Protein chains: 2
Amino acid sequence: MTSTPRNRPAKRATILDVAAAAGVSRQTVTRAMNEMPGIRQATRERVQELARELGYTPSRFAKGLVQGAHTSVGLAIPGLTNPYFPAFASSVVEMATQRAWNVVMDDFGHGSGSALDAVARLAPQVDAVIGYLGPDAEEAQAMLGRRPVVVLDEPAGLTAGGISFDYPYAARLALDRLLAVGSGRIAYMDSVTEEGSLTARGAAVAGVASDLGIDLTVFRSEDSAHASREAVESLLSRHAGLDGLLVFNDLMAAGALKALAGSGRGVPDDCAVIGMDGIPLGELVTPELTTLSLNLRDVGRTAVDLLDGLLSGAVVAGSAEADLRLRHELVIRQSA
Amino acid sequence: MTSTPRNRPAKRATILDVAAAAGVSRQTVTRAMNEMPGIRQATRERVQELARELGYTPSRFAKGLVQGAHTSVGLAIPGLTNPYFPAFASSVVEMATQRAWNVVMDDFGHGSGSALDAVARLAPQVDAVIGYLGPDAEEAQAMLGRRPVVVLDEPAGLTAGGISFDYPYAARLALDRLLAVGSGRIAYMDSVTEEGSLTARGAAVAGVASDLGIDLTVFRSEDSAHASREAVESLLSRHAGLDGLLVFNDLMAAGALKALAGSGRGVPDDCAVIGMDGIPLGELVTPELTTLSLNLRDVGRTAVDLLDGLLSGAVVAGSAEADLRLRHELVIRQSA
DNA sequence: ATGAAAGCGCTAACAC
DNA sequence: GTGTTAGCGCTTTCAT
């Protein structure tokens with residue numbers, strides 16, 4: 001067995017190995033690898049060739065240590081299952097890429113626990129975190145110390161920055177629409193929370209409904225199309241006269257559409273339906289979903305811009321400028 | 001202005017700053033920060049408190065340099081827009097998290113160029129890459145040197161590992177089904193490629209159709225529901241008698257469903273439709289989509305397991321064990 | 001065009 | 001229980 005000495009390198013080759021092999025100093029290797037001036041073309045090529053043969057890859061740690069490295073941001077989201085989150089993630093990745101940041105993703109949707117676990121995993125790897133952290137946001141900020149956390153769907157509070165949504169405004173838009181298309185017996189389906197209380201969206205909808213003199217039926221479902229479908233089926237058996245439905249998000253609204261169709265009700269004629277989020281899925285279901293739409297690219301851009309400001313010092317953590325609020329837009333399609 | 005001296009720290013605090021502030025050695029700081037033994041509780045707390053005040057965060061580079069660091073894998077995917085990719089990404093992230101790996105995501109869907117650009121951005125940051133790299137796979141491997149690349153939907157070739165799909169098998173399943181439900185005039189909608197040739201899926205479908213004596217109509221569309229819808233509308237005007245349609249993926253199939261409904265055709269009665277991928281979207285559209293389904297959690301797990309083997313040396317790069325092939329399963333719902 | 005020295009911030013190993 | 005000494009692998013001076 002006299003084959004190549006290092007088919008499966010036990011230890012990674014270092015710059016010194018390459019330097020030794022080439023019979024030059026390590027600086028020369030650096031110059032060759034990084035396309036720096038002050039080196040003869042022939043030397044450069046010889047070194048590069050040797051580096052390839054040895055399977056040499058500069059250590060990102062050593063490099064980062066000495067150079068101060070590119071910023072890397074952690075993205076913490078509660079699962080990629082609801083299309084909303086990938087859409088958001090996509091825009092964050094896009095914006096981050098433009099700045100030559102890299103994004104480390106952690107999805108705490110599956111068994112992997114809470115938002116806090118995700119942040120704990122991310123903490124040693126990143127310079128900042130953007131995420132849907134819910135009530136864990138402040139503890140996440142504590143975990144990151146001075147490194148900024150930008151929370152979504154939550155006011156900044158003790159975190160460096162926050163982007164929240166104007167739910168009362170959105171609720172008003174939706175409820176007005178439902179009224180306008182003639183709905184009289186309106187229900188709102190909220191997502192379940194750990195504490196059993198209403199979500200921020202739910203609270204806003206309930207508040208506006210009361211202002212409008214609407215006798216709102218509120219019920220809950222897990223955040224999935226399947227669960228939502230069952231919840232609506234069950235609701236329908238109790239409230240047969242339901243003729244207007246506002247739903248926590250579009251994915252759940254899609255499930256609701258299924259339930260309504262299954263019960264023989266026409267949408268929007270027998271019951272109007274409005275979702276929330278504005279994800280592309282809404283255009284693929286039948287009937288197409290009227291929804292409170294968020295421009296997810298804007299949300300992603302806003303988050304990254306805010307983080308950029310925080311990182312550069314242009315925006316002060318916890319200041320009013322760091323606590324943004326975005327609005328939904330009512331996109332009218334077929335379901336209401 | 002005699003406020004706190006370091007509201008916006010110009011330079012990050014280092015371990016030495018904390019040590020100096022606490023009047024201890026840096027080793028003691030290390031012990032305090034990392035919950036190591038051999039330190040008095042009081043000292044530990046005092047140091048931690050000081051660290052927090054100074055906003056000290058251990059440099060991940062220095063730490064990585066000295067400790068050999070956790071592996072981090074790059075995930076390169078062509079956009080998060082098609083729900084297929086987030087579903088895949090989600091399972092990769094989940095599996096990676098179980099191994100305490102972290103995943104750096106790069107989405108080259110938007111303006112950010114080709115798969116190769118993504119790999120170039122990832123290269124200095126990661127120990128390996130998993131991705132839908134298409135024809136760029138081998139060049140990506142060259143870019144990474146000895147670090148393994150696992151390509152998806154592509155045989156391994158010159159990359160360390162590959163996971164491909166048995167399209168002839170899948171095509172057979174679908175075409176048999178279409179024949180079984182009585183389709184006689186069958187079309188296949190492929191995705192467009194840069195070279196204008198058929199995709200691997202398209203080639204397999206065409207091959208099997210020819211074996212089966214089917215006179216297959218092949219047409220193309222961009223990979224989006226919208227484009228697909230238009231492509232089908234246009235096809236319908238040319239081939240009014242179409243009664244069976246197999247589609248490149250589920251997202252495009254959803255668009256096809258819209259076109260069919262818009263033309264007044266019933267699915268599956270007037271025209272049966274079969275998609276490919278098995279994403280959850282298929283259950284949300286009307287009628288629910290019959291599809292060639294891939295268990296995406298399996299695909300993700302397989303990719304991560306393979307990478308694990310490659311990284312540990314248990315699997316040899318380029319060997320037969322590193323070139324896996326998975327099969328689709330026909331999930332019969334309503335559309336065919 | 002190339003090399004030598006210094007040091008980035010941290011932890012492992014061994015003192016004391 | 002705490003401090004000291006060595007590096008980890010690289011790039012930045014500053015020589016030569």
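Computed from heavy atoms alone, side chains included, the values below leave out hydrogens, waters and symmetry copies. Throughout, protein chains are lettered first and strands after them, A, B, ... in sequence-line order, and every chain is numbered starting at 1. Nothing here was measured: the structure is a model prediction, and the numbers come from that model.
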Atom-pair distance (CE on B:Met33; C1' on C:dA12), nearest Å: 18 Å

If the condition is ring-ring contact (aromatic ring centres under 6.0 Å, His included), which residues does A:Phe61 pass it with, not counting sequence neighbours? none

Going by the rule side-chain contact (heavy atoms from CB on, under 4.5 Å), which residues pair with A:Gln98 if we only count those two or more places apart in sequence or in a different chain? A:Glu94, A:Met95

Taking only N and O in the side chain of B:Lys63, is any of them less than 4.0 Å away from OP1 or OP2 of C:dT11? yes

Give the B/S/- string for nucleotides 2-8 of chain D, one per nucleotide from 5' to 3', where a protein heavy atom under 4.0 Å of the base yields B, of only the sugar-phosphate yields S, and otherwise -. BBB-BBB

Could you state the atom-to-atom distance from CZ of B:Phe61 to P of D:dT11 in whole Å? 13 Å

Nearest-angstrom distance from the residue atom CD of B:Glu45 to C1' of D:dG1: 16 Å

Between P of D:dG9 and CZ of B:Arg60, the distance in whole Å: 19 Å

By the 4.0 Å heavy-atom rule, please label A:Ser59 as base, sugar-phosphate, or nothing. sugar-phosphate

What pair of heavy atoms forms the shortest contact from B:Asp127 to B:His70, and how long is it? OD2-O, 4.0 Å

To the nearest Å, how far apart are B:Met36 CE and D:dG1 C1'? 14 Å

Distance in angstrom units between A:Glu35 CD and D:dT11 C1', rounded: 16 Å

Run the ring-ring contact (aromatic ring centres under 6.0 Å, His included) test against B:Tyr56 and tell me which residues pass, sequence neighbours left out. none

Under the side-chain contact (heavy atoms from CB on, under 4.5 Å) rule, collect the residues that match up with A:Thr57, sequence neighbours excluded. A:Arg12, B:Arg147

Residues in salt bridge (charged side-chain N to carboxylate O under 4.0 Å, His left out) contact with A:Asp323, at least two apart in sequence or another chain: none

Would you kindly give the CD-to-C1' distance between B:Gln67 and D:dG9, to the nearest whole Å? 15 Å

